[in-house]
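One structure is given here, and the rest of the page talks about it.
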There are 2 protein chains.
Amino acid sequence: MQSFTEENYLKIIYHLSVNNDQAVQTNAIAEKMQTKAASVTDMIKKLADKKLVLYKKYQGVHLTETGKQAAINIVRKHRLWEVFLVEKLNFKWDEVHDIAEELEHINSAELVERLDEFLSFPKNDPHGDPIPDKHGKFDAVPFTRLSKLKTGEKGLIMGVSEHSSAFLKHLEKLGLTLGKTLTLTTITDFDGSVEIIVEDKKISVTREVAKHILIRI
Amino acid sequence: MQSFTEENYLKIIYHLSVNNDQAVQTNAIAEKMQTKAASVTDMIKKLADKKLVLYKKYQGVHLTETGKQAAINIVRKHRLWEVFLVEKLNFKWDEVHDIAEELEHINSAELVERLDEFLSFPKNDPHGDPIPDKHGKFDAVPFTRLSKLKTGEKGLIMGVSEHSSAFLKHLEKLGLTLGKTLTLTTITDFDGSVEIIVEDKKISVTREVAKHILIRI
DNA sequence: TTATTTTTTTAGATTTGTCTAAATATATAG
DNA sequence: CTATATATTTAGACAAATCTAAAAAAATAA
Ligand SMILES: [Mn+2]
Ligand SMILES: [Mn+2]
Ligand SMILES: [Mn+2]
Ligand SMILES: [Mn+2]
C-alpha cells in the first residue's frame, strides 16, 4: 500500500505521461506537486525501489504497469467521487475537485465498487473526463478543441482541459456546459477570439478559453 | 487544522472521557491508539500547546471546549458516513467502521452538511449511537443493558457498546438487531447467561454478550 | 512508612517527506 | 567545440510521529 504522498506522485506522473510516451521530467513533477526538484528526486527513488516507476538518473521516469494501474485506480476513485458529489449531493462542477482530492485516497476496493454501482456505473465525470472501470479500462473518445473549429462548424461540448474553479464558473456563466451544442460563426483575426452561438445566443469567447473547451463535431 | 493523527487522539480522548469527567490517563490513550505511552506523552504536549487539551504532568488530560467540539465533529462525520455506507451502499453494520475511520477525516464542512441532508438528518448511526448535529448537540437517550434486565421484563434493542465485526455478526446471526423487541425469560445462576424471546424464538445469550446490548425498557 | 509495583516522562534514535545550497550532468548557443 | 544555461542530483538539515530504554513520579502493599 502507498502513502497519500506516494499516491499523489503516481497520479501526477500518470497525468503527465498520458498522451505522451516520453519520460516524465523531475521539474514537471515538482511543479505539479508544488514542491522542489530535490524532493521529487527523493520520492522517485522510493517509487523506483517499489517498482512503481522506471528511473534512470537524469532521464526522468516512466510508470511501470503496476504503477500505472495504481495511478488509474486513484483517478477512477477521484472521478467517481466527483460524480457522487455532483449527482447526489448537488455540488456544482466547480466545487468538487478539492474534496475529491481527499476522497480519492480512501482505501477500500469494496467501497469503490459499491459507489460505482450506486452511481449506475457512470462513464464520465462532471468535467467530461472518462472514468476507468474496475479493470482500469476506459475508452479515450477522440475530441477536438473549440479553438480548432472552422467557421460554420457545429460541435458538442464534451469536456474541458482546465479544471480551475474560476474557469468552470466562467463557462457556467456563459452557458457553456457539457452536452451543449454550439456553432462557430466568426473567428476574430487580431486576437483569435471566437464568436459562437449556443442555444440561440451569440457569445464571444477568448482564444485562451476556446483552447480548453473539448468538442465533438 | 489538525493532522489525522491529532484527530484520532482527540476522538479517543473524547470517547474515554464521555460518561466520566475524570482526567484521561496516558496508558488508556496508548492502548486505544495502539501505540506506546511515550508517544502519547509527546502528542499530549502538542495538543496542549494547541489548547485542545488541558494537561498536568502525571495527572492525565481533559479536553478543552475547543478540543471537545473538534472531537464531536469527527464523531459526527464518522457516524454520518456509517449511515451512508449502510443506507445507500448496502453495507452491513459490521462492515462500515473501518471505512468510516478513514472517511471521518475528510475535511469539508459543506460536504458534511450536504451528506447529512442527503441522509435526511439521521439521529442515530447503524449501531444506535447518536449523531451530533452541526452544532455538536445530541441527546443522550438513557438506556440499560440486557444484562441488567430482570426476569419477565421486556425491552427494545437500541444500541451496542461493542463495535467489533465479530460481535456484530454474532448478533446478526441471532437476530438481535436494532429495533427488535425482546423478553427476558430466565437468568442462569451459575454463569449469568440469559434466555430471551425475540420474535417468538427462544435464544440463549452469554452474560458477556448481554452486557453489550443496550436496551430501552 | 518503607518497599514494591505501576504509570508516566525523558533522552535519544528512526522514518517519512520536506527543504536549501552546492555539485554535477545535460542541453543549447555561439 | 567550447561556453553558458538549464535540469537534476547529492549532501546535510529539519519537523512530525513514532520507538526503546532508562529515569522519575505516583499508587499500592506490607
Ligand atoms: Mn478533479
Ligand atoms: Mn474531474
Ligand atoms: Mn464506527
Ligand atoms: Mn457506529
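Here is the naming used below: chain letters follow the sequence lines, and residue numbers restart at 1 for every chain.
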Just jot down the side-chain contact (heavy atoms from CB on, under 4.5 Å) partners of A:Lys169, sequence neighbours excluded, or say none. A:Asp94, A:Ser165
By a strict heavy-atom criterion of less than 4.0 Å, which residues belonging to residues 22-36 of chain A are in contact with DNA chain C? A:Thr35, A:Lys36
Pairs under 3.5 angstrom, nitrogen or oxygen only, protein versus nucleotides 23-25 of chain D, please.
| from | atom 1 | to | atom 2 | distance (Å) |
| --- | --- | --- | --- | --- |
| D:dA25 | O4' | B:Tyr58 | OH | 3.4 |

Of the candidate nucleotides D:dT18, C:dT8, C:dA21, which contains the atom at the shortest distance from the side chain of B:Met43? D:dT18
Give the rounded distance in Å between these two atoms: CD of A:Glu6 and P of C:dT18. 10 Å
Does A:Asn19, at its CG atom, have more than 12 non-hydrogen atoms belonging to other residues, nucleotides or ligands within less than 6.0 Å? no
Classify the side-chain pair A:Ser164/A:Glu162 by whether it contains a donor and acceptor separated by less than 3.5 Å. yes
Does a side-chain N or O of B:Lys45 approach OP1 or OP2 of C:dT9 to a distance below 4.0 Å, or not? no
With a 4.0 Å cut-off on heavy atoms, is A:Thr5 in touch with a base, just the backbone sugar-phosphate, or nothing at all? sugar-phosphate
B:Lys56 NZ to C:dT8 P: how many Å, rounded? 15 Å
I want to verify a distance call: between D:dT10, D:dT18, C:dT8, whose nearest atom is closest to the B:Asp42 side chain? D:dT18
Sequence neighbours left out, what passes ring-ring contact (aromatic ring centres under 6.0 Å, His included) with B:His78? Give chain and number order. B:His97
Residue-phosphate contact under 4.0 Å: A:Tyr55 side-chain N/O, D:dT8 OP1/OP2: no
According to side-chain contact (heavy atoms from CB on, under 4.5 Å), who are the partners of A:Asp189, at least two apart in sequence or on a separate chain? none
Rounded interatomic separation in angstrom, taking CD1 from B:Ile44 and P from D:dT18: 12 Å
Nearest-nucleotide pick for A:Thr41, side chain only, options being D:dT10, C:dT10, C:dT9: D:dT10
Value in whole Å for how far the P atom of C:dT16 lies from CZ of B:Phe4: 18 Å
Mark yes when over 12 heavy atoms from residues, nucleotides or ligands other than B:Lys32 sit less than 6.0 Å from its NZ; otherwise mark no. no
Using atom OH of B:Tyr9 as one end and atom C1' of D:dA16 as the other, report the distance to the nearest whole Å. 12 Å
Say whether B:Trp81 and B:Glu104, considering side chains only, have a donor N or O and an acceptor N or O under 3.5 Å apart. no
Can you say whether the rings of A:Phe84 and A:Phe118 are parallel (under 30°), tilted (30 to 60°) or perpendicular (over 60°)? tilted
I need the full list of salt bridge (charged side-chain N to carboxylate O under 4.0 Å, His left out) pairs touching residues 206-217 of chain B, with sequence neighbours left out, sorted by first then second residue. B:Glu208-B:Lys211
